[in-house]
There are 2 protein chains.
Amino acid sequence: MTKIKDTTEEKILNAAKEVFMKYGLYGARMQDIADIAKINKALLHYYFRSKEKLFDQVFSGALHKYFQQMDVFSDASLPIKERLFKYVDNIFVFLEEYPQMSMFIIKEIGINPDLFKDRVEAIKKNKGVNLIKILDEEIARGNIKKIDTALFWINMHSLCSYPFLAAPLFKHGLKAHHKEWSDYSPVKIKQSVKQFIEKTLSV
Amino acid sequence: MTKIKDTTEEKILNAAKEVFMKYGLYGARMQDIADIAKINKALLHYYFRSKEKLFDQVFSGALHKYFQQMDVFSDASLPIKERLFKYVDNIFVFLEEYPQMSMFIIKEIGINPDLFKDRVEAIKKNKGVNLIKILDEEIARGNIKKIDTALFWINMHSLCSYPFLAAPLFKHGLKAHHKEWSDYSPVKIKQSVKQFIEKTLSV
DNA sequence: AAGTGATATAACCAAATGGTTAAACCAAAG
DNA sequence: CTTTGGTTTAACCATTTGGTTATATCACTT
């Protein structure tokens with residue numbers, strides 16, 4: 001499936017990703033990371049000088065992947081709705097692989113806002129695509145309904161992300177109603193997100 | 001605003017709530033809790049035997065408040081849409097006071113699923129209201145559109161909760177578009193949730 | 001004023017944690 | 001075979017962490 005180089009460095013990074021995502025910077029234990037990577041704890045410091053440095057690498061990678069999904073918006077050749085649908089597809093692929101990542105990013109930013117300011121500026125400049133601006137332009141051209149684009153953006157993301165974040169809750173909640181989470185995620189949810197987009201944007 | 005008894009026990013619980021919500025069980029430090037409560041660390045153990053016990057109290061309280069919102073559904077005298085609107089109002093009041101709580105619950109359940117199984121069963125039995133079942137009944141009576149009720153439930157919660165969870169992200173993201181988070185949350189978001197309910201359920 | 005029980009604190013302890021070091025391993029080059 | 005370089009490990013260290021204890025303080029009763 002995914003490429004596995006299996007170098008020591010990658011084993012560490014994968015283990016660190018797992019542990020940091022679950023417990024956050026403060027809650028994570030270097031020994032746990034070493035155990036999962038099946039290496040000696042000292043190797044962590046050999047490859048990444050400190051816990052903070054290792055965390056920084058993991059967090060940067062997460063943030064990069066998170067914003068990478070927006071690349072599809074650069075493709076101005078596609079009609080806006082197609083781009084949005086493709087974006088939703090991207091998000092779902094991403095969320096299925098890293099269901100915890102958006103929460104990880106949100107949590108760590110909440111704890112240490114500085115992590116964000118520095119890094120995001122760099123990413124933003126690299127991409128240079130202004131998603132809400134694009135939607136506003138489409139409205140000006142009359143291609144979509146006249147809506148509050150920022151609000152639409154928030155709502156669309158909510159519909160996509162929250163089901164994955166809250167999966168532990170929903171899994172249990174649905175079972176109480178003799179329904180299975182697997183029947184809902186991700187196929188049906190993706191459908192209903194696209195429905196929401198369709199209904200909200202159609203003139 | 002909220003009643004403040006200001007007993008030592010409450011000071012500790014409030015401090016613990018703050019720290020546990022931010023850092024989780026593993027990430028939280030007893031000394032931090034003591035500092036915020038402005039008491040000696042030993043007092044923590046005097047009132048609550050251990051870190052786990054203190055956490056348990058905080059977590060139980062959070063879970064209780066979280067599910068308490070659903071009480072409005074017991075009031076069968078109101079038409080279903082009124083009940084849903086009232087429920088949304090409740091959620092927003094709750095989320096404005098405890099924006100981190102749903103993430104706290106979700107995170108801790110993800111780490112330690114056992115916490116959930118034991119406690120939720122008790123809560124569920126106390127309430128005895130089956131929300132999705134109520135919606136299904138309303139469909140049978142022809143009061144609302146024939147929809148997938150569980151999916152509707154998930155979507156509605158997503159629209160309510162995620163904006164609060166992801167506030168740190170949105171705050172920053174909106175500023176980049178010269179818009180302010182305060183212009184969107186919570187008034188406009190609540191409106192659009194109710195719009196979503198209206199559109200989705202109307203026959 | 002003296003006694004009493006609950007409340008609070010400083011000082012302490014053992015275990016865990018992030019981090020270091022010196023020595024061992026091991027593949028490739030000479 | 002020996003050397004050389006990067007890689008890996010066991011043993012260790014200083015600090016932090018959750019938790020305990022002995023002592024002090026305070027509110028209240030007698």
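In what follows, chains are A, B, ... by sequence order, proteins preceding strands, each numbered from 1.
- Contacts of Y87(B) classified as ring pair (Phe, Tyr, Trp, His ring centres under 6.0 Å), with partners at least two apart in sequence or in another chain: F73(B), W153(B), H157(B).
- Using cut-offs of 30° and 60° on the angle between ring planes, the pair F55(A) and F59(A) is parallel.
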Contact string for nucleotides 22-27 of chain D, one letter per nucleotide 5' to 3', B = base within protein heavy-atom range under 4.0 Å, S = sugar-phosphate only, - = neither, reads ------

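- The CD atom of Q100(A) sits 12.5 Å away from the CZ atom of F164(A) when rounded to the nearest 0.5 Å.
- Using a 4.0 Å heavy-atom distance criterion, A34(B) is classed as making no nucleic acid contact.
- The distance from atom CD of Q31(A) to atom C1' of dA10(D) is 12 Å, rounded to the nearest whole Å.
- We find that CD of E52(B) is positioned 16 Å from P of dT17(D), with the value rounded to whole Å.
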List every contact pair, protein side and nucleotides 4-9 of chain D side both N or O, where the distance is under 3.5 Å.
unit_1	atom_1	unit_2	atom_2	d
dT7(D)	OP2	Y46(A)	OH	3.3
dT8(D)	OP1	T8(A)	OG1	2.9
dT8(D)	OP2	T8(A)	OG1	3.1
dT8(D)	OP2	Y47(A)	OH	2.8
dT9(D)	OP2	N40(A)	N	3.1

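- Looking only at atom types and distance, the side chain of N143(B) has a donor-acceptor partner in the side chain of E138(B) under 3.5 Å away.
- More than 12 heavy-atom neighbours from other residues, nucleotides or ligands sit within 6.0 angstrom of NZ on K179(B).
- Side-chain atoms of E18(A) and N14(A) include no donor-acceptor pair closer than 3.5 Å.
- With values rounded to the nearest 0.5 angstrom, I139(A) atom CD1 is found 10.0 Å from I80(A) atom CD1.
- Within a 6.0 Å radius of NZ in K133(B), no more than 12 heavy atoms belonging to other residues, nucleotides or ligands are found.
- Atom-to-atom, NZ of K51(A) to C1' of dT15(D) comes out at 14 Å; the value is rounded to the nearest Å.
- With sequence neighbours excluded, the residues that form a salt bridge (Lys or Arg N to Asp or Glu O under 4.0 Å) with E198(B) are K81(B).
- The side-chain tip of K53(A) does not point at the ring of F48(A) from less than 6.0 angstrom away and within 45° of straight on.
- As rounded to whole Å, 6 Å separates atom P of dT20(D) from atom NE2 of H45(B).
- With sequence neighbours left out, K188(A) forms a salt bridge (Lys or Arg N to Asp or Glu O under 4.0 Å) with D148(B).
- The footprint of chain B on DNA chain C, defined by a heavy-atom cutoff below 4.0 Å, extends from dA6(C) to dA10(C).
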